[in-house]
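Written below as structure tokens is the structure these notes are about.
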Amino acid sequence: MKLQVPSQGAGDRAELRIDDLARAAGTTVRNVRAYQDRGLLPPAARRGRANIYEQAHLERLQLIAQLLDRGHTLAGIKELLDAWESGTGLGGVLGLVAEVTAPWSDEEPVRLGRAAMVESFHGVEDLHAIDVAVRLGVLIPVPEDDGVDADEFLVPSPGLLDVAVELHALGVPLPAITGHLEELRQDITHLARRFVEFSAIHIFVRYAGHQLTDQEAVEAVGTVRRLRPLARAAVDAELARAMRLEATRLLDAAVAGPLRELVREEL
DNA sequence: CTTCTTACA
DNA sequence: TGTAAGCA
């Protein structure tokens with residue numbers, strides 16, 4: 001909530017015309033209107049004869065586009081959206097929105113001097129790697145400077161940086177590390193999206209169509225609160241399983257003889 | 001004139 | 001969902 005990643009241009013509060021909105025969401029003006037007519041998209045504020053949209057509209061449009069892309073029908077999406085809507089009406093008061101919006105991490109950001117960081121990488125200073133790290137949000141240049149020339153960085157996830165340090169200590173080149181993280185980021189985003197979507201469909205859809213009772217609202221908050229540990233547990237278990245499988249597979253191909261059994265024990 | 005809307009395919 | 005013509 002307090003961490004702002006300066007990823008995009010500062011002018012996020014801009015008012016959008018329907019054309020900009022459509023383009024930004026990768027759809028067409030025609031569709032924006034169609035979604036509005038079907039109640040998937042909230043009506044735009046009107047200034048005279050002009051339609052004024054803002055980022056809330058953009059976000060919803062992008063959500064619609066994603067769900068559509070995944071083969072959901074417009075009717076189905078509307079049902080989900082309605083469920084969401086009726087939840088936030090009451091949930092806004094109860095902090096349901098905050099629960100969903102809050103960063104799913106309990107890590108404390110730290111400040112790290114450039115010299116100290118270079119030090120932890122055994123004196124290796126790879127400007128390109130730093131550049132990628134900044135782009136990925138692993139490092140955030142402190143406001144006074146910008147770009148790769150900053151003297152100090154904000155590290156949102158010290159744990160993640162530690163991973164990089166460890167890998168580097170093991171002899172993995174920095175470009176390989178940043179490149180791998182970039183790939184991992186995409187895969188994980190995909191995972192998270194699936195999980196949230198799955199939850200929405202199978203859990204929140206039962207609240208569709210009516211205002212939430214107090215009882216239901218409390219339930220919903222509890223459910224959302226449980227989502228993170230559930231997701232983590234599932235990913236943890238599956239990751240462990242997959243790692244064991246893949247490692248075993250690799251070892252079978254690479255190690256022969258009695259050594260194989262010994263190594264396999266270690267997994 | 002441009003932007004939005006409506007209607008038709 | 002694209003396109004063309006009418007409306008503000």
Side-chain angles (χ1 to χ4, degrees), chain A residues 1 4-93 96-102 104 135-137 146 182-212 216 220 223-224 227 231:
Chain A
M1 184 88 166
Q4 289 284 337
V5 181
S7 53
Q8 304 293 346
D12 266 354
R13 280 280 148 189
E15 297 174 340
L16 298 169
R17 302 186 333 282
I18 192 171
D19 191 61
D20 301 320
L21 182 73
R23 211 185 312 266
T27 177
T28 64
V29 172
R30 176 66 180 79
N31 285 331
V32 172
R33 288 204 50 73
Y35 300 156
Q36 260 179 331
D37 292 342
R38 295 174 199 236
L40 292 182
L41 194 65
R46 307 194 63 156
R47 178 186 302 158
R49 57 201 155 209
N51 283 320
I52 304 299
Y53 298 85
E54 39 206 297
Q55 68 280 9
H57 291 97
L58 215 202
E59 284 165 23
R60 170 156 297 191
L61 244 194
Q62 288 171 331
L63 175 64
I64 293 173
Q66 280 173 10
L67 292 175
L68 228 36
D69 194 49
R70 284 158 183 281
H72 287 89
T73 140
L74 281 180
I77 296 175
K78 175 168 168 49
E79 211 177 331
L80 279 178
L81 256 23
D82 288 345
W84 180 264
E85 212 91 294
S86 67
T88 52
L90 233 184
V93 184
L96 183 57
V97 171
E99 201 69 50
V100 175
T101 309
W104 277 20
R135 183 154 48 78
L136 290 176
D146 60 339
E182 210 162 5
E183 224 176 290
L184 182 66
R185 172 73 55 92
Q186 291 197 316
D187 292 342
I188 293 295
T189 299
H190 188 240
L191 260 183
R193 189 171 296 162
R194 293 283 297 242
F195 197 85
V196 169
E197 191 188 332
F198 174 87
S199 310
I201 291 174
H202 293 283
I203 297 175
F204 291 107
V205 88
R206 78 176 64 128
Y207 301 124
H210 66 291
Q211 273 296 322
L212 268 67
E216 285 174 328
T223 301
V224 172
L227 242 44

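Each chain gets a letter, A, B and so on, in the order the sequences are listed, and its residues count up from 1.
- Of all the heavy atoms in A:Ala65 and A:Ala25, the pair that sits closest is CB-O, 4.3 Å.
- Nearest heavy atoms, A:His57 versus A:Leu41: O-CD1, 3.8 Å.
- When every heavy atom of A:Leu61 is checked against every heavy atom of A:Val32, the shortest pair comes out as CD1-CG2, 3.6 Å.
- Residue A:Arg46 places at least one side-chain N or O closer than 4.0 Å to OP1 or OP2 of B:dT5.
- Closest approach of A:Lys78 to A:Gly39, counting heavy atoms only: NZ-O, 4.1 Å.
- The separation between A:Arg17 atom CZ and B:dT2 atom P is 12 Å, rounded to whole Å.
- The nearest whole Å value for the distance from the CZ atom in A:Arg30 to the P atom in B:dC8 is 13 Å.
- Scored by the side-chain contact (heavy atoms from CB on, under 4.5 Å) test, A:Leu136 finds A:Val132, A:Val138, A:Leu181, A:Glu182, A:Arg185 as partners (sequence neighbours excluded).
- Within the 4.0 angstrom heavy-atom criterion, only backbone atoms of the sugar-phosphate kind lie near A:Asn51; the bases stay farther away.
- The span of DNA chain C lying next to chain A, judged by atoms under 4.0 Å from heavy atoms, is bounded 5' to 3' by C:dT1 to C:dT3.
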Fill in the blank from the handout: With both pairing distances under 3.5 angstrom for Watson-Crick or G-U wobble, and | for a partner in another strand, the correct string for DNA chain B is .|.||||||

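- Sorted by first and then second residue, the salt bridge (Lys or Arg N to Asp or Glu O under 4.0 Å) pairs with a member in residues 29-41 of chain A form an empty list; sequence neighbours excluded.
- The shortest heavy-atom contact between A:Thr28 and A:Ala22 is C-CB, 3.5 Å.
- The two residues A:Leu74 and A:Leu68 have their closest heavy-atom pair at CD2-CD1, 3.8 Å.
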Handout entry: CA sep, side-chain torsions, deciding dist, call: A:Ile18, A:Tyr53, side chain to side chain contact (heavy atoms under 4.5 Å, CB included)
Key = CA-CA 7 Å; A:Ile18 192 171; A:Tyr53 298 85; 3.6 Å; yes

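- Contacts between residues 32-41 of chain A and DNA chain B, counted as heavy-atom distances below 4.0 Å, involve A:Arg33.
- Residues passing the side-chain contact (heavy atoms from CB on, under 4.5 Å) test with A:Arg23 are A:Asp19, sequence neighbours excluded.
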